[in-house]
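Input: a single structure, listed below in structure tokens.
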There are 10 protein chains.
Amino acid sequence: MITAIVLIQTEVDQINEVAEAIVKLDGVSEVYSITGDHDLLAMVRVRHHDELAEVIPGRLNKVPGVVHTDTHIAFRTYSRHDLESVFSLGMPD
Amino acid sequence: MITAIVLIQTEVDQINEVAEAIVKLDGVSEVYSITGDHDLLAMVRVRHHDELAEVIPGRLNKVPGVVHTDTHIAFRTYSRHDLESVFSLGMPD
Amino acid sequence: MITAIVLIQTEVDQINEVAEAIVKLDGVSEVYSITGDHDLLAMVRVRHHDELAEVIPGRLNKVPGVVHTDTHIAFRTYSRHDLESVFSLGMPD
Amino acid sequence: MITAIVLIQTEVDQINEVAEAIVKLDGVSEVYSITGDHDLLAMVRVRHHDELAEVIPGRLNKVPGVVHTDTHIAFRTYSRHDLESVFSLGMPD
Amino acid sequence: MITAIVLIQTEVDQINEVAEAIVKLDGVSEVYSITGDHDLLAMVRVRHHDELAEVIPGRLNKVPGVVHTDTHIAFRTYSRHDLESVFSLGMPD
Amino acid sequence: MITAIVLIQTEVDQINEVAEAIVKLDGVSEVYSITGDHDLLAMVRVRHHDELAEVIPGRLNKVPGVVHTDTHIAFRTYSRHDLESVFSLGMPD
Amino acid sequence: MITAIVLIQTEVDQINEVAEAIVKLDGVSEVYSITGDHDLLAMVRVRHHDELAEVIPGRLNKVPGVVHTDTHIAFRTYSRHDLESVFSLGMPD
Amino acid sequence: MITAIVLIQTEVDQINEVAEAIVKLDGVSEVYSITGDHDLLAMVRVRHHDELAEVIPGRLNKVPGVVHTDTHIAFRTYSRHDLESVFSLGMPD
Amino acid sequence: MITAIVLIQTEVDQINEVAEAIVKLDGVSEVYSITGDHDLLAMVRVRHHDELAEVIPGRLNKVPGVVHTDTHIAFRTYSRHDLESVFSLGMPD
Amino acid sequence: MITAIVLIQTEVDQINEVAEAIVKLDGVSEVYSITGDHDLLAMVRVRHHDELAEVIPGRLNKVPGVVHTDTHIAFRTYSRHDLESVFSLGMPD
């Protein structure tokens with residue numbers, strides 16, 4: 001499983017609406033509206049590196065109300081939880 | 001459950017070591033070593049707002065090798081997964 | 001009581017008008033027009049973490065003339081004053 | 001009453017200790033440890049403009065563990081609370 | 001006397017026109033068109049803290065052609081000149 | 001008369017001491033300790049462009065406690081005061 | 001062979017389209033859509049310094065959907081691969 | 001001779017056209033289209049400080065296609081070349 | 001093949017030495033010393049996502065003289081060259 | 001002739017000394033001490049692209065007192081002066 005963290009700026013008055021649209025995209029496991037300079041943080045979890053291009057520049061960046069995205073990809077995940085089994089349920093094959 | 005996202009800069013040659021120390025702290029559910037300007041991103045998930053002060057400035061900021069932290073707190077969480085039940089297992093009462 | 005500090009940029013010629021609109025929102029205890037890069041600083045004081053999402057992205061960000069907001073949440077409050085009793089009077093139940 | 005907001009960076013592992021030292025200074029009504037790029041935010045409330053120089057560059061900047069300060073002065077305060085009477089109790093004459 | 005330094009960005013082709021409008025405002029003693037990232041620097045000198053709000057967000061920010069302002073207030077003035085007597089002539093009572 | 005505005009960062013606990021040393025330099029008419037990211041602002045007023053090099057990189061930058069300087073030169077001065085006669089008294093011939 | 005690395009910001013929803021247009025330009029050997037603050041990175045490899053002006057400000061900057069470019073030129077190339085022979089095939093004479 | 005270095009941002013697709021207009025201005029000795037965050041760098045060389053205001057905010061900033069300028073003035077020039085005699089040929093008296 | 005672009009800051013006087021050490025690491029296909037704010041750009045090309053953690057935080061960040069790294073991962077590669085066959089020769093299995 | 005503009009930060013109290021050392025390097029035609037965030041600007045003019053690596057990372061970056069350099073290379077030069085003949089005198093063959 002490859003994890004990408006996407007920091008998102010939205011139109012200033014559409015944070016909630018954009019979050020609800022993004023969380024419905026395949027490959028997006030969670031969206032948080034957050035404090036600080038960015039408005040949303042989306043966790044993208046996919047099986048193969050190639051899917052990142054489809055999910056992020058291909059779909060997430062095209063959601064209306066998205067102004068800017070800044071993606072950070074996880075080199076490695078450290079956790080006592082079995083994230084793979086939790087999140088793989090919602091992933092496309 | 002309150003979620004905080006902590007972006008962390010570490011000594012340039014200790015990314016892995018710091019990640020392994022942080023993931024063992026109570027209240028930290030996952031740590032990711034990430035691309036971009038910061039070195040690590042830690043997900044902190046606690047039951048009460050008061051615990052954030054203990055976990056982040058109280059413990060995480062004092063892990064040797066941590067140079068700077070920048071915390072963002074989630075206003076709201078959007079997910080099709082039941083994050084509360086997944087992550088509450090590892091949380092202190 | 002949870003305290004959030006919201007730094008706000010407004011349209012350059014509407015600082016006063018936006019401040020007067022924001023201070024009327026439930027959960028906002030004080031607004032300051034300030035020197036420096038931001039135009040306003042609003043103190044948001046609420047009883048429960050969940051109210052932050054309603055007050056800040058839900059209402060404050062939608063006040064006309066608001067261009068950008070940057071929220072910082074207090075981990076802990078240090079004061080010789082009993083802020084809880086002073087400010088809880090204006091808070092929604 | 002003149003209000004100044006001081007954003008403070010501290011040594012990474014001394015946030016709590018520095019906050020406790022700053023809140024004891026005359027003229028400081030509240031200190032918050034906060035999320036985001038800065039570590040602390042101090043509210044300074046004084047009767048006369050001249051006192052700002054004594055409180056901030058004169059004393060607050062010299063507290064051990066303070067690395068950088070960035071002060072913003074309030075042009076005007078908007079509040080439904082009588083801040084003047086609440087906070088003037090702790091102010092030097 | 002309280003001194004405020006206002007860094008101003010103007011429309012790129014209206015620097016001279018904006019400077020001439022700002023220097024006519026009560027409370028503004030000098031305006032400089034300057035090198036670097038900002039276009040103008042205005043020195044505001046007033047008798048009372050309250051006047052800053054009228055002069056800067058109240059009037060200066062509303063001069064047509066002003067795009068952004070960033071105000072810095074002097075804690076203390078160091079000079080061998082008697083600035084008080086020089087500049088108080090042009091100040092409103 | 002040529003005017004230069006010098007923004008100065010000092011050691012965090014030496015703002016007052018550095019200001020007092022800088023205001024004694026020939027060519028410096030005023031120093032302000034200021035709010036915001038920089039600690040001091042010095043106004044340098046000289047008769048000839050060549051003197052700027054002596055005053056700023058030559059002397060001001062070498063005052064102990066100065067950490068960084070950022071100079072902005074005035075293209076043009078707008079004022080209802082006769083700044084030339086006020087400030088030329090303290091200038092070297 | 002002279003190598004230039006061009007970081008490119010595009011309209012937020014046209015990353016793929018702009019990449020496909022840029023990779024067809026003479027002198028461009030590869031385009032990557034990338035994580036982080038910029039959207040695309042283009043590798044420009046030319047025989048003579050003069051060609052850089054034609055390829056980058058002359059053509060690449062004029063591709064529709066390009067919002068900003070930031071070019072970095074290689075002083076020197078270190079590689080175990082014979083990049084010269086690989087990439088010179090696509091270069092104009 | 002006083003030298004000013006002007007960093008210029010232009011409309012993204014008009015770099016060449018703006019450079020050709022700026023190099024024709026009196027007082028401008030050279031224009032370079034450059035790599036990095038800015039698009040052009042203009043060298044302005046004049047006899048008297050007063051001419052800088054005419055050349056830069058007065059004329060250069062008003063050239064169509066100029067979006068932002070950031071001027072740096074030389075305190076001192078170090079060179080083995082006699083720049084004064086080379087460049088004074090093109091200067092207005 | 002997964003491509004990562006690593007921007008590297010080195011000790012100011014060791015650019016060449018650090019480049020020569022980095023280009024010898026498995027997974028690094030090219031290093032460029034570059035103009036602009038960073039000193040080096042390394043192209044990392046690996047078969048599997050997991051190798052990125054070994055190559056970049058695991059080895060590249062620990063090369064003596066490396067001060068900071070900022071990694072950008074390619075979502076997708078656009079090229080008329082068969083980069084896969086060129087660069088896969090030097091890759092570990 | 002290829003022109004590179006090098007912005008240089010020096011130790012705060014060694015601007016003049018570093019400028020005098022840099023202007024003696026082969027390939028450097030002029031050095032300016034400048035206002036603004038950087039301390040020096042060096043013009044490097046060489047015959048061949050390869051010489052840039054020798055002059056800038058190879059020699060200029062190693063001058064004692066240099067803290068940071070940021071190089072911008074000219075794509076194209078616009079001038080009514082014959083810069084080639086003026087500056088080629090000081091260039092190495």
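Residue numbering restarts at 1 for every chain, and letters A, B, ... go by the order of the sequence lines.
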task = Sort J:Ile22 into side chain, backbone, both or neither according to what part of it lies under 4.5 angstrom from a heavy atom of chain H.
result = neither

request  = Count the heavy atoms of every other residue, nucleotide or ligand shown that sit under 6.0 Å from NZ of H:Lys62, and state whether that count exceeds 12.
outcome  = yes

task = Mind telling me whether H:Phe87 and J:His81 have parallel, tilted or perpendicular rings, with 30° and 60° as the class edges?
result = perpendicular

task = May I ask you to name which of J:Ile15, J:Asp37, J:Thr71, J:Ile5 has the most heavy-atom pairs under 4.5 Å with chain H?
result = J:Ile5

task = For a salt bridge (Lys or Arg N to Asp or Glu O under 4.0 Å) with H:Glu30, tell me which candidate from J:Arg45, J:Arg80, J:Arg76 qualifies.
result = J:Arg45

ask   = Side chain, backbone, both or neither: which part of J:Asp70 has a heavy atom under 4.5 Å from chain H?
value = neither

key: Side chain proximity check, J:Tyr78 to H:Ser33, heavy atoms < 4.5 angstrom   = yes

note = Bottom line for H:Asn16: the part with an atom under 4.5 Å from chain J's heavy atoms is both

query = With distance as the sole test, does J:His72 use its side chain to make a donor-acceptor pair with the main-chain N or O of H:Thr35 at under 3.5 Å?
reply = yes

note = Applying a strict 4.5 Å limit to non-hydrogen atoms, the region of H:Thr77 in contact with chain J is both

ask   = What closest approach, in Å, do J:Ser29 and H:Ser79 show between heavy atoms, and which atom pair accounts for it?
value = O-OG, 2.7 Å

query = Between OH of H:Tyr32 and CG of J:Leu83, what distance do you get to the nearest 0.5 Å?
reply = 5.0 Å

